[in-house]
Every structure is written in C-alpha cells, then in structure tokens.
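To keep things clear, I will list the structure first and then write my remarks on it.
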Amino acid sequence: MIQSIDYYAVAPLLVLVLTAGAVLLLDAFLPRRPYARPLLGAVTLTGVLGALGVVAAQAVRDGDPMRTFCVPAGLPGPARAGIGALDIGTLGSGPGGPGGAASALCSFVVDDFTLVFAGLALAAGVVVVLLSMAELSAGDVPVGEWYFLLLCTLVGAVALPASRDLVMLVVALELVSLPVFALTALRRYDGRSSEAAVKLFLVSVVSTAVMLFGVSLLYGMTGTVYLDRLAQVLRGPVAEPMAIPGPDAYASVLRIAYDLPPVLIVAVVLVIAGFGFKVAAVPFHAWAGDVYQGAPIPVAALLSVISKAAGFAGLILILVAALRGQIAVWAPLVAIIAALTMTVGNLLALRQRHAVRLLAWSSVAQSGYILAPLGVRDDEAVSASIAYLVFYAAMNLGAFAVVMLVSRRGARGGLDDYRGLAFRNPAAGLALAFFLICLAGLPPGLAGLFAKVVVFRELVDGGGAWLALVMAANTVVGLYYYVAWAARIFTPVPVTEGARAPATVGGAPAGAGVPSAVGEVPAGAGVPSAVGEAPAGADVPSAVAGRAGAGRAGWVPVGVAIVLAGVVAVVFSIAPQVVLDLLPEGLIASG
C-alpha cells in the first residue's frame, strides 16, 4: 500500500528539518571566525520563524483539517483483539460518511488543536533561540550541536499535537525529550550540568518505560494504534465471541470480558504516570529543581514551556481523543494529581532562595493549574487547560529571560542578587516585576488573573468545586513568593553593602574599569565586582568568565527576548480574548 503525503500539512516539520541540516553543514564547513556563531544563530532563528509563518498560514486557511499518512477507508481491522475486531469502514464520523475521506484513519492531522500547540512551541522556540544566542556567545558550548538538538526538539514539539496514533505519539514525545539530555550536558566542564543531564535521562527513561507499558496494554486490548479507532472500540460494546475451539470456549469468553476492566484501569494509570513525569506532576516531580538549576537557562526555559506543552498535548490526546469513554476512571485521578501538584509545588517554592529553583517549583505548581480542568467531566475543560498554558508560556519565558540577563553578571543566582535591580537597571527590574505579578495573577499583570479565572470557571461549571477551593488556596500561597521576589527588586541596597552589590545588568563588561553601579568599587580594585564573583585577576571558572566577557553580543538577544515576551504578556493582559478566540469548540478532529 502506497500512502499519499500532503506536504503542505507537514511543511513546518520540513522547514525545521531542513534548517537543522543546514546548521550541521554550516558548522562543519564554516571557518572558525567570530561571525560563525551569530550566523548559525541567525540561520536557526530564521528557520523557526519560517516554520511559525507556515503554521500561521495554515491557521487562516479555510476548509477541513488536513490529514496525511492515512489508511484507506474499508481496510479491515485485525481479526482478533482483546475486545474484538472493528472494521475501519464503519468509523466514518466526519463529512463524507463511511466512504468519504473523513472515514480514513490518519496518523497526522492538522486541526485547531495541532495549530495552537505548534504555534505555541514555535513562538516559545523563538525566545529560546534568542536566549541560546546569548548563552553561546561565551564560546564554551559547541554551537552547531546546540542548535541542531534544539531544532530536533522543536520538530518533536510540532509533530506531537498532530499525532493521531500511538506509535507516532510516542516517537514524537521522545524526539522532544532525547535532545534535551545532550543540551543539558553540552556546557562542558560543568559538573552541575552533567549531574542534571544524568538525572533527566534516568527520569525520562523510567517515564518512557512506564508509558510504553500502558500503551502496549491499550494496543493489546483494542488491536489498533489509531486514537479515534481506539476510542470507538473502548466505547462500543464487546464484539461477537471469538471462535475458541473446545469445551471451554464459553468460559474463556466470559473470562476475557471479566478481565478487561482491571487491565484497562492499569493501562490508564500507567499512561497518566508516564506523562506525569514529562510535565513534572506530583508524585513524579522530584527531578525538576535540580535539573532546572543545573541546566543552562535556555534549556530550563525550554523544559518549562516547550517540553511541558508537548507533554500536555500528548496527555490531552490520549485522555480526550482515545479514552474519552473512560473519563469516569481517569478524571478523579487527574483531579487528585492536580491538587497535589499545585500544593506541593507552591510549598516547595516558598522555601527557595535561588531564582531558577523557585521558577522550577513554580512551574510544577503551574502544571497543577493546567491539569485541574482535565479533572472535571466537561468537554470544554480542554480549552481552559490550553488557554492557561498559552498565558503561562509568555509570563514564564519572560521571567527566565530576565533571570538569564542577571545571571550573566553573577555566579550565584540567588534572590538577593535581585535586590535593588529596579535602581541599577530599571528596564530589567520593571520587566521582571511585571512577569512575576502576571504569574501571581495580580493587577496590572492581568494575563495571569484571566488565566486563573478561565480555569476557575471550568472547575465550578464542571462540578469540581473542591478542586476550585484547593486552587484558590494555592493561588494565595503563590502570591507570597512572587510578591516577595518582586519586593526585592524595588528594595534599595543598603550603603554598607555597596561594595557587594551586584553589577549593573547590561552595563560595561567586568574589568572595563568603569564602576557598574553607584557605590561599587571599579572592577580590578581588589573587591569582588558582583555577588559570588571572584576579584579581578583571581582564578575564575571558565564558564563564568566567558559569560562575563561576552560583551554586547550576549546582551542584545536577551533584551530582544525580554521585549518580545513583555509585549505578548501586555497584549494578553489588555486583550485576553485574543487567546480565547484561538480555542474554538471541537479542538481535536477525528483522525
């Protein structure tokens, strides 16, 4: 059987793949000149923007969802399966009836669900590429490998929401996860990064194994890998008894019917557990703090938004497109996990004194808020989860961008490094304060408030009042550490601490002989130029020294990333309907 391919449907993937190949070739053949690193970054950014443009063109296109890699209608299903056979030709649920195009089972579908998640991943990818350009300007990370792995991750993040069979879903999810291990460890001679990479690798391997076990049980029961056909089999009655020779035939059929519900429950639990690792949901969250802190900040931002969005896309597809008939089984479980995730994440964030670790546990708490609508039996709850994810992405990426800007002049990354930031660098200080206020859901950061209101409304309308109360309590807890961090930004540094104040963010490079903040001693005078930095002339780790001496080439892309995230967050705060209009009813089309 020869399958036709709709190249326009897979065009964003092709653009990313071709860009990844171009980056490898350019890295291999370009001479080692100062322009090579920014050139590879520009090529990568152009490829991501090109893929985002294709997704935007697909979004404004009229007509039915695009489908490719399809099985022709009327092809018979397997003769034997745990629940019985089902003819594909009976699955026509869309335009065209059983014999039309909609009745064919397709592995790749570009619908509203796909476009929202693909656009989110690529938009976040633009910010991550900009942060990567700053990270790579120090010269201690192999640039070609970095951009190639980053593009591979984006390929998986774009392909995953379009996946409509179990095999492609698993492959796309692993394509998102596997390159991140290497990205985390690419900062050579950094023990913390290597440790984070090993932890992430072990956790991901375990989660993949657990998820594959659940997926194999689903396939064994239904005899199909297609999500919509799997839903049909599990929703429909048990097929005719299979022909089992011998006197025990009737007893065997009864045993199969009796054993199926427990097996199905185990499969659902295993699949949820596997995706729970990917999105750092409790009790699968323990890796988040160490991995986020040890990874380069662009990778931490990628994990907090792109990887998390891919994990939620896969979880929603499995639960809503394939296991909708089993909502009575998984909805209470997801609700409990959501309540635990937001509570544990917020409580752990309260204790943090490191900026990236605080954002890591805050990200865990945000995963609980995103999961919460899936814990109620309401078809519109999916839209609430996706809307919250879109709001959260802009706010969190902006916070990571400012954290990277500050961390380039200080090695510790503690919250005290941000004291008085609004006086040393008003633009960075005000931007970070705005992103934190958005995450807290306080005015003028109305984007976070609208996101929480959307989720609250779905929880109450869907009968999840107890979960809404848990979320309300956790929102109050989250206010404390967000506001406490924002308060540090506007707290002047005492005069007695002037010599230890962090250097001006975005000012002259260390060692330039110019005081970088009021009350500071010029670098080279024998006094540390930043909190946690060694005096000029001392032995400084190469990673920190390289980042400090990167110059203006490192500041510009971070500044652009902050501006982009800030503009989007402001637009979401002023006109949240922009996000809500992207989420029409019936997000997931039949494959």
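Listed by first then second residue, pairs satisfying side-chain hydrogen bond (donor to acceptor under 3.5 Å, both in side chains) with a partner in residues 123-132 read S132-W146, not counting sequence neighbours. Within the structure, the side-chain hydrogen bond (donor to acceptor under 3.5 Å, both in side chains) test picks out the following pairs touching residues 295-305 (sequence neighbours left out): S304-N396.
Heavy-atom minimum distance, A447 versus F572: CB-CB, 3.8 Å. Taking all atoms of both residues into account, the shortest heavy-atom contact from A431 to I562 is CB-CG2, 3.9 Å. Scanning all heavy atoms of the two residues, the minimum distance from L479 to A440 falls at CD2-O, 3.4 Å. Residues A124 and I306 approach most closely at CB-CG1, 3.7 Å, considering heavy atoms. Between A231 and A321, the shortest heavy-atom distance links the atoms CB-O, 3.3 Å. The minimum heavy-atom distance linking M66 with A9 is given by the pair CB-CB, 4.0 Å.
Between F108 and F69, the angle of the ring planes goes over 60°, which puts this pair in the perpendicular group of the 30/60° scheme.
Using a distance-only test at 3.5 Å, with no hydrogens or angles considered, a donor-acceptor pair links the side chain of S385 to the main chain of I370. Between the side chain of T341 and the backbone N or O of I337 there is at least one donor-acceptor pair closer than 3.5 Å. The backbone N or O of L348 sits less than 3.5 Å from a side-chain atom of Q352, completing a donor-acceptor pair. Side-chain atoms of S367 come within 3.5 Å of backbone atoms of V279 as a donor-acceptor pair (strictly under, hydrogens ignored).
Taking CG of D290 as the reference point, atom CG of L200 lies at 11.5 Å (rounded to 0.5 Å). One finds the OH atom of Y219 at 14.5 Å from the CG atom of L212 (value rounded to the nearest 0.5 Å). Rounding to the nearest 0.5 angstrom, the gap separating the CG atom in L317 from the CG atom in L323 is 11.0 Å. The line from CE of M221 to CG of L218 is 5.0 Å long, rounded to the nearest 0.5 Å. The CG atom of L131 sits 7.5 Å away from atom CG of L397, with the distance rounded to the nearest 0.5 Å. L149 contributes atom CG, which lies 11.0 Å from atom CG of L302 (distance to the nearest 0.5 angstrom).
The only member of L432, L446, L442 that meets side-chain contact (heavy atoms from CB on, under 4.5 Å) when paired with I437 is L442. Tested against Q366 for a side-chain hydrogen bond (donor to acceptor under 3.5 Å, both in side chains), the candidates Y392, Y388, W361 yield a single pass: Y388.
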List the steps, then state whether side-chain contact (heavy atoms from CB on, under 4.5 Å) holds for R187 with R192. CA-CA 10 Å; R187 198 161 61 190; R192 189 180 292 274; over 6 Å; no

What do the steps show when you test W485 against L359 for side-chain contact (heavy atoms from CB on, under 4.5 Å), and what is the final call? CA-CA 11 Å; W485 189 358; L359 288 176; 4.0 Å; yes

Y226 vs C106, side-chain contact (heavy atoms from CB on, under 4.5 Å): CA-CA, chis, key distance, verdict: CA-CA 8 Å; Y226 293 98; C106 302; 6.0 Å; no

Decide side-chain contact (heavy atoms from CB on, under 4.5 Å) for V116 and L120; before the verdict, give the C-alpha distance in whole Å, the side-chain angles of both, and the deciding distance to 0.1 Å. CA-CA 6 Å; V116 169; L120 172 61; 5.5 Å; no

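Two residues are said to be in side-chain contact when any heavy atoms from C-beta on lie closer than 4.5 Å; T114 and F117 fail this criterion. Residues F312 and I386 are not in side-chain contact: their nearest non-hydrogen atoms beyond the backbone lie 4.5 Å or more apart. Side-chain contact check for Q58 versus L115: some heavy-atom pair is nearer than 4.5 Å. Two residues are said to be in side-chain contact when any heavy atoms from C-beta on lie closer than 4.5 Å; Y482 and S362 meet this criterion. Considering only heavy atoms from C-beta on, F391 comes within 4.5 Å of V579 through its side chain. For the pair L130/V558, no side-chain contact is recorded, criterion being any heavy-atom separation below 4.5 Å from C-beta on. Considering only heavy atoms from C-beta on, L319 comes within 4.5 Å of W330 through its side chain. Taking 4.5 Å as the limit, some side-chain heavy atom of I489 sits within range of a side-chain heavy atom of L436.
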Can you give me every donor-acceptor pair (side chain of residues 167-178, partner residue at least two apart or in another chain, under 3.5 Å) with its distance?
from: E174; atom 1: OE1; to: T208; atom 2: OG1; distance (Å): 3.3
from: E174; atom 1: OE2; to: T208; atom 2: OG1; distance (Å): 2.7
from: E174; atom 1: OE2; to: K278; atom 2: NZ; distance (Å): 3.4
from: S177; atom 1: OG; to: L173; atom 2: O; distance (Å): 3.1
from: S177; atom 1: OG; to: K278; atom 2: NZ; distance (Å): 3.3

In residues 470-477, what donor-acceptor pairs under 3.5 Å come from side-chain atoms, sequence neighbours left out?
from: N474; atom 1: OD1; to: T343; atom 2: N; distance (Å): 3.3
from: N474; atom 1: OD1; to: N346; atom 2: ND2; distance (Å): 3.2
from: N474; atom 1: ND2; to: T343; atom 2: OG1; distance (Å): 3.2
from: N474; atom 1: ND2; to: V470; atom 2: O; distance (Å): 2.8
from: T475; atom 1: OG1; to: M471; atom 2: O; distance (Å): 2.8

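With sequence neighbours left out, A360 forms a side chain to side chain contact (heavy atoms under 4.5 Å, CB included) with Y292. Every residue was checked against the salt bridge (charged side-chain N to carboxylate O under 4.0 Å, His left out) condition with D461, not counting sequence neighbours, and none meets it.
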